[in-house]
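Structure first, then comments.
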Amino acid sequence: MRRMESFKGEIVTLLADATGLGADDVEGLLGTPPKQDMGDFAFPCFTLAKERKTNPAALANEFAGKLAPSGAVREIKAMGPYVNFFLEPATVAEDTLSRAFREDIDYGRSSDGQGDMIVIDFSSPNIAKPFNIGHIRSTAIGHALYNIFEFLGYECAGVNHLGDWGTQFGKLIAAFKHWGSWDDLAEKPIHKLLDLYVRFHKEAKENPALEEEGRAWFKKLEDGDPDARDIWQHFRDLSLAEFQRIYADLEINFDAYTGESFYEPMLGETVQFIKDKGLAKKSQGALIVDLEDYGMPPCLLEKADGATLYATRDLAALMFRAREYKFAQVLYVVGNEQSLHFKQLFKVIELLEFEWAPRCHHIPFGLIRFKDAKLSTREGNVIFLEEVLEKSKQLVRDIIREKNPDLEDADEVAHQVGVGAVVFNDLKSRRIKDVSFDWNELLNFDGRTGPYLQYTHARICSILRKHGEDVRADVDFTRLGEKAERALVTRVASFSQRIRNAARDYEPSLISEYLLDLAEEFNSYYANHRILLDDDADLRAARVLLADVVRMVLRNGLKLLGLQAPERM
RNA sequence: GCCCCUAUAGCUCAGUGGAUAGAGCACUGGUCUCCGGAACCAGAGGCGGAGGUUCGAUUCCUCCUAGGGGUACCA
């Protein structure tokens, strides 16, 4: 059983022989031509020509003359300054399609990770605040990375670092004591909590004593006062219940919900540890780690009043994770605006001489910004994720009612497609790019979208149902000679390399892009070639196999991104 | 001020230093006696500016411009 990589290996050996270069040098130069009819691999002769003081085209000719096709290589020819290699399409098709067909749901999987642990910190909303559209980014990207690394043989731990500690909870308790009740919180608790929070700030302007009250409540909370603790716990439970509804919608599970409060008991020893290492010092009344030598502002461990900060809790959390998980890598899927924070965090870890310091990575992403200013001001600059998901699902329901009124499980499918549209929208471009939030764009399911991929998948399922027989792998692969068929085979063959690249770059969009290209190629092929031929059983069998394998890759890829692949829609 | 990210078509985005810079949306015009029209085909439309490195730069480096973010007691 071979793969594209081993075809490449054959060519590297041939070229190393002909050019006298080392195999690594050849492999570095060997590339893929921009067009399919220019072959499967191309070797540029520019650099060598310069060294040998000849022109590249002449050199390419010379090499091509020396090389003889063998094995899977059918033809070798000079094309301008390149030597291009053409593989035997039937061989490539056979190797690729029979392997994919056999591996099915495991096609693309690997054991690269060898069970190494990767801790992924993602989503991490603040409790008592609504899950808004901005949270989709970390949630979708983190979840996709989790799936990708797991598919590559890593063991993953998804950690939801809830924002569940800090002065704001003292204020919230104070507000609750003044104006709230548990009955009142029974319905839409997070919205009610937000109202309380907003009211607190409004009234505190008139009545500064409230601020003091809030601080006092937080102090009580920290000191373990049973009443404060109980109220906080209720707030946390109510929030988590709402978040979990959304996570259920998105089919996301976390391995731990260890929020900031979890690390509260470890803060004292963390600060002491840093002091013992001689890194902490007093400055302007606060306790800091000076990072001036590294061109950064100081990392604050304690405020002048002795209270801890974000960085303190993150340091405690990171050290805890190192002990607990013995990770090969820890990934923080957090917005780009926190780059400095993580640079500081990792620098402190390095100065503490932890050997795992280089294995900590911040995976930044761009912000969601609003295109339509009116929308951003309404609702106080917040769009709730739940509202977005509901709108998307509703639109899918409408479309189904119009296009496929007899569909069974229409609600379930509307859910899968509606949620998929929103998630995919967030995973389709490089994560570092800002995402402009635009209802029209989000709810347009034409073109390069999640529903387009799901539609393509469902359409192939439909073809296979109509085919009516089991798909066979023992087909005549020489029949798959059409240009479009060869393009599809090549695309399928590169799936596993694409997943590796996505992991290497922590970039789920590489998979989105791949799937869109695959779906476009298939849809174009489908429009121009009949698959279920009545008069040519051999060709039909071969095309059915190809379609089935494309279906598998679409499904596997969608799963990696966290999308469902419905069989009808 | 300093630091980070970004700049490719009207809009949203692709583009390992290499062959004619590719898609989608929107727009215009087409495609069904045939496997799902959430589709397919076609048209029109583009590398922010100036240098540098290189046989070759959208890609690497420097500077400039524009947008976004950050920059000690928020997270």
Side-chain angles (χ1 to χ4, degrees), chain A residues 28-29 31-35 38 42 44-47 49-50 55-56 79-82 84 124 126 161 163 165-168 260 283-288 295-305 307-311 313-314 334-341 343 364-367 369 371 396 399-400 402-404 417 421 425 428-430 432-436 438 440-441 444-456 458-467 501 509-510 513 516-517 519-520 522-534 540 543-544 547 568-569:
Chain A
L29 286 168
T32 315
K35 288 239 163 66
M38 299 166 94
C45 297
F46 301 99
T47 324
K50 198 189 174 198
N55 84 70
M79 294 175 83
Y82 295 86
N84 288 15
S124 308
N126 293 325
H161 190 72
W165 203 250
T167 326
Q168 71 262 34
E260 294 187 77
S283 169
Q284 301 176 25
L287 189 68
I288 67 161
M296 287 184 266
C299 174
L300 268 81
L301 301 174
E302 285 176 2
K303 300 199 251 185
D305 66 4
T308 58
L309 287 133
Y310 184 46
R313 293 191 278 273
D314 252 357
V334 181
N336 194 26
E337 71 278 7
Q338 290 194 36
S339 288
L340 178 58
H341 166 72
K343 257 176 86 178
F365 52 80
L367 293 155
R369 48 174 20 92
K371 201 170 200 171
V396 175
I399 294 173
I400 289 174
E402 181 197 331
K403 301 193 183 214
N404 199 355
V417 176
N425 184 253
K428 68 182 181 190
S429 314
R430 302 284 128 136
I432 199 65
K433 300 256 185 182
D434 286 350
V435 173
S436 67
D438 179 353
N440 289 331
E441 197 187 320
N444 184 350
F445 302 153
D446 296 335
R448 294 172 74 91
T449 65
Y452 173 78
L453 294 177
Q454 291 169 317
Y455 170 77
T456 307
R459 186 150 79 167
I460 297 174
C461 289
S462 169
I463 295 168
L464 295 171
R465 281 192 300 270
K466 290 225 163 69
H467 177 54
N501 291 349
S509 70
L510 292 181
E513 192 186 311
L516 290 167
D517 289 345
E520 279 181 346
F522 182 82
N523 283 325
S524 173
Y525 171 65
Y526 172 88
N528 294 300
H529 303 271
R530 188 160 176 83
I531 292 168
L532 301 180
L533 297 156
D534 293 322
R540 171 169 172 150
R543 289 182 171 178
V544 165
R568 294 179 163 89
M569 62 187 270

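Proteins get letters first, then strands, A, B, ... in listed order; numbering begins at 1 in each.
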| Pairing of RNA chain B as dot-bracket, 5' to 3': ( ) intra-strand, [ ] crossing, | other strand, . unpaired, with Watson-Crick or G-U pairs under 3.5 Å? | (((((((..((((....[...)))).(((((.......)))))....(((((..]....))))))))))))....
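- Listed nucleotides B:rG36, B:rC40, B:rG68 differ in distance to A:Glu520; the shortest reach to its side chain belongs to B:rC40.
- For A:Arg543 and B:rC35, the shortest distance from a side-chain N or O to OP1 or OP2 is not below 4.0 Å.
- Between B:rC13, B:rA75, B:rG37, one nucleotide has an atom nearer to the side chain of A:Lys433 than all others, and that is B:rC13.
- The closest side-chain donor-acceptor pair between A:Asn444 and A:Thr449, if any, does not fall under 3.5 angstrom.
- Among the atoms of the strands shown, only primed sugar atoms or phosphate atoms (P, OP1, OP2) are found under 4.0 Å from some heavy atom of A:Leu340.
- Note that CZ of A:Phe522 and CD1 of A:Ile460 are 4.0 Å apart. Values are rounded to the nearest 0.5 Å.
- Closest to the side chain of A:Arg448, out of B:rA23, B:rC5, B:rA26, is B:rA23.
- Distances shorter than 4.0 Å separate some side-chain N or O of A:Tyr452 from OP1 or OP2 on B:rC40.
- With hydrogens and angles ignored, no donor-acceptor pair closer than 3.5 Å exists between the side chain of A:Ser429 and the base of B:rA14.
- For the residue pair A:Val334 and A:Phe365, the shortest heavy atom distance occurs at C-CE2, 3.3 Å.
- Remark: A:His341 engages A:Tyr310 in a ring-ring contact (aromatic ring centres under 6.0 Å, His included) (not counting sequence neighbours).
- In this structure, A:Asn444 reaches the B:rA26 phosphate: one of its side-chain N or O atoms is under 4.0 Å from OP1 or OP2.
- The phosphate of B:rG70 (OP1 or OP2) has no side-chain N or O of A:Lys343 nearer than 4.0 angstrom.
- Close to B:rG15, at under 4.0 Å from its OP1 or OP2, lies a side-chain N or O of A:Arg430.
- Stacking between A:Tyr526 and B:rC35 is shown: the ring centroid lies under 5.5 Å from the centre of the six-membered base ring, and the planes differ by under 30°.
- Within the structure, every side-chain polar atom (N or O) of A:Arg459 is placed at least 4.0 Å from both OP1 and OP2 of B:rC35.
- The CD atom of A:Gln338 lies 10.0 Å from the CG atom of A:Asn336; values are rounded to the nearest 0.5 Å.
- For the pair A:Glu513/A:Arg430, a side-chain contact is recorded, criterion being any heavy-atom separation below 4.5 Å from C-beta on.
- Across the P atoms, B:rC61 and B:rU6 are found 11 Å apart, a figure rounded to whole Å.
- Legend: residues meeting salt bridge (Lys or Arg N to Asp or Glu O under 4.0 Å) with A:Asp517, ordered by chain and number and at least two apart, are A:Arg448, A:Arg491.
- Here A:Thr449 does not reach the OP1 or OP2 of B:rG24: none of its side-chain N or O atoms lies under 4.0 Å away.
- Residue A:Lys428 places no side-chain N or O under 4.0 Å from the OP1 or OP2 atom of B:rG24.
- Residue order along RNA chain B, read from the 5' end via each residue's closest nucleotide, puts A:Gly31 first among A:Gly31 and A:His529.
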| field | Intermediate values then yes/no, side chain to side chain contact (heavy atoms under 4.5 Å, CB included), A:Met569 and A:Asn404 | value | CA-CA 7 Å; A:Met569 62 187 270; A:Asn404 199 355; 5.9 Å; no
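- For A:Ala307 and A:Val417, each mapped to the nucleotide of RNA chain B holding its nearest heavy atom, the one lying further toward the 5' end belongs to A:Val417.
- Closest approach to the A:Pro34 side chain among B:rA72, B:rA19, B:rG36 is made by B:rA19 (side chain taken as heavy atoms from C-beta onward).
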